[in-house]
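Side chains are part of it too, since the values below use all heavy atoms of this structure and drop only hydrogens, waters and symmetry mates. This chain uses plain numbering: 1 for the first residue, then up along the sequence.
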Amino acid sequence: MSPIDRSQLENSLYQLVVETSTNLPADVRQAIRAARLREDAATRSALAMGTIAQNIDMAADDALPICQDTGMPTFFVHTPVGTNQLHVKEAIRNAIARATRDGKLRPNSVDSLTGANTGDNLGAGTPVMHFEQWERDFIEVKLILKGGGCENKNIQYALPMELPGLGKAGRDLDGVRKCILHAVHQAQGQGCSAGFIGVCVGGDRTSGYEGAKEQLLRSVDDTNPDPRLAELEAYVMDKANQLGIGTMGFGGEITLLGCKIGVQNRLPASFFVSVAYNCWAYRRLGMLIDATSGAILDWQYRVPAKEAQPMVELTGKVGSGRQVTLEAPISEAQIRELRVGDVVTIKGMMHTGRDAIHAYLMTHDAPVSLEGGVLYHCGPVAVKGEHGWKILAAGPTTSIREEPYQADVIKKFGLRAIIGKGGMGAKTLKALQEHGAVYLNAIGGAAQYYARCVDQVEGVDLMEFGIPEAMWHLRVHDFQAIVTMDAHGNSLHQQVESTSADKLTQFAEPVFKK
């Protein structure tokens, strides 16, 4: 076999990375479109789904990241016998670095010991690449961009075990059923529901998770060739959507958009059920590549952006509750007037802060005054041009990671509003009540929707933490989010988790015979 044209191969792979980050596949679009039709138009979940639909259109139109968390690039590659896989790996790495420089990927590769961001998405274990040879004469490359928020909701079970609300899960198909339902319930809104799950029954701890992710390569509308697993997939889709978790965990009819289950042989001593949870921003595409020229032969899953049916007409709304506009500095009296369900529009200044910032603020002063201010759990995609920094994507990150810090940060700096996704815990809820602050839930993954609310980057501090973890000072307009935790001790997240836990118990009785 002739050597592959490495320059053309890199260009082809660059197109794959950009398209995967910015344009959702056809089957995912259809699943989201169908889900919108099933939600009651008056609910928070339906309105959140509408914002998601707007965001999908915006990202595809401008070829910008659908979600600011462009995830861990994971490649599944088949090559013909004789293809130099080292050349393919080099082309993948070059394509990833190039896409990061161009703002199509957020720099996400962080040294686990020092915390330093490499800045180009390259490093030990990044990107992830799985290679296999096959007998065909072309190269197949499939790419999944799976963000940290949904990656954190992956879960693995070792059967037999007791599951809250479901009882004993044994080493049989019924035990697997219980694990999957529990996996959906534990994700709540923190994984940017409504989501998709890939499941692997069996294997070992490592191969089980890999097999679960490989199930996410299946088309949303396919049918499992194993009739037992096909029946289980249909069952899960039906029952999971009866839990009432809904989009973003707001409550609603649609919690799960897809369920794919595979099976591997296992050791006699082990029975693992591994679940890979993927958010609604289900970014995976594939392509077939000529093994000599490196040119694209065909795409998989893809509908070109210019041919895609628009998801929704722009409405500019993310909620139907009482509408309130806030501008920092915000008073305690203004906050005490807010209740769960109110829609807040922020204008003026807000500041970003994720994991590194919260840890820093515990022992240092803030670089700017946060008194009466708004702190946004966000790690944007940002690029620097001749006129300064520009925010290309700016959706919320999962807030629960900041639970160990948030109450102390609110008290220390006099914050009035925290914006994120997925809600926070009891310690933060108590601090909101004691100090007169509020938690606002933005729509997870809606990175283009919120980036368009940013008028200007007024500054950035602590860049030594890397672009996602730095503190950005943003001037915004019409930035809308929903009050889900107020200063009166009320939490929509607690309510939905409690009611969905009650509903989960109805599925405790056996369904599948041994």
Got more than 12 heavy atoms from elsewhere within 6.0 Å of NZ, K430? no

(Q) Taking the side chain as everything from C-beta on, heavy atoms only, tell me whether P73 gets closer than 4.5 Å to V17. (A) no

_Looking only at side-chain N and O atoms, does S399 offer a donor or acceptor that is under 3.5 Å from a partner on Y439?_
yes

Any side-chain donor near an acceptor of the partner, E403 and T428, under 3.5 Å
yes

Item to complete: Assess the side chains of N94 and E90: does a donor N or O sit below 3.5 Å from an acceptor N or O?
Response: no

### Query
How about E253: does its CD atom have over 12 heavy atoms from other parts shown lying under 6.0 Å from it?
no

Worksheet item: If you measure only the distance, is there a donor-acceptor pair under 3.5 Å linking the side chains of R106 and N117?
Response: no

Heavy-atom donor-acceptor pair, S274 side chain to F272 backbone, under 3.5 Å:
no

message: Side chains of N121 and S109 only: does a donor on one sit below 3.5 Å from an acceptor on the other?
response: no

The complete set of side-chain hydrogen bond (donor to acceptor under 3.5 Å, both in side chains) pairs with one or both residues in residues 254-267, sequence neighbours excluded, reads S207-Q264, D222-K260

### Query
Going by distance alone, is a donor N or O of one side chain under 3.5 Å from an acceptor N or O of the other, for H377 and E402?
no

side-chain contact (heavy atoms from CB on, under 4.5 Å) test vs H182 passes for just one of L166, V275, V273, namely L166

Please determine, by modelled atom types, if E151 and N154 share a side-chain donor-acceptor pair under 3.5 angstrom.
yes

dist N224:CG -> E233:CD (nearest 0.5 Å) comes out at 4.5 Å

Steps toward side chain to side chain donor-acceptor pair (under 3.5 Å) verdict (Q85, Q133):
CA-CA 9 Å; Q85 293 184 353; Q133 286 189 330; 5.7 Å; no

**Study point:** Distance-only polar pair, side chains of Q448 and Q54, donor-acceptor under 3.5 Å
**Key:** no

* Let me see the working for H358 and Q406 under side chain to side chain donor-acceptor pair (under 3.5 Å), right down to the final yes or no. => CA-CA 7 Å; H358 279 77; Q406 197 67 79; 3.0 Å; yes

- Would you call the rings of W134 and H78 parallel, tilted or perpendicular if under 30° counts as parallel and over 60° as perpendicular? parallel

Closest non-hydrogen contact found for I144 with K213 is CD1-O, 3.9 Å

Shortest non-hydrogen pair, G423 vs N441, comes out as N-OD1, 3.9 Å

Sorted by chain and number, sequence neighbours left out, salt bridge (Lys or Arg N to Asp or Glu O under 4.0 Å) with R283 holds for none

- Message: Could you check whether Q190 and T398, counting side-chain N and O atoms only, form a donor-acceptor pair closer than 3.5 Å?
- Response: no

request  = Run the numbers on E469 and R354 for salt bridge (charged side-chain N to carboxylate O under 4.0 Å, His left out), then give the verdict.
outcome  = CA-CA 6 Å; E469 296 284 358; R354 284 170 41 111; 3.4 Å; yes

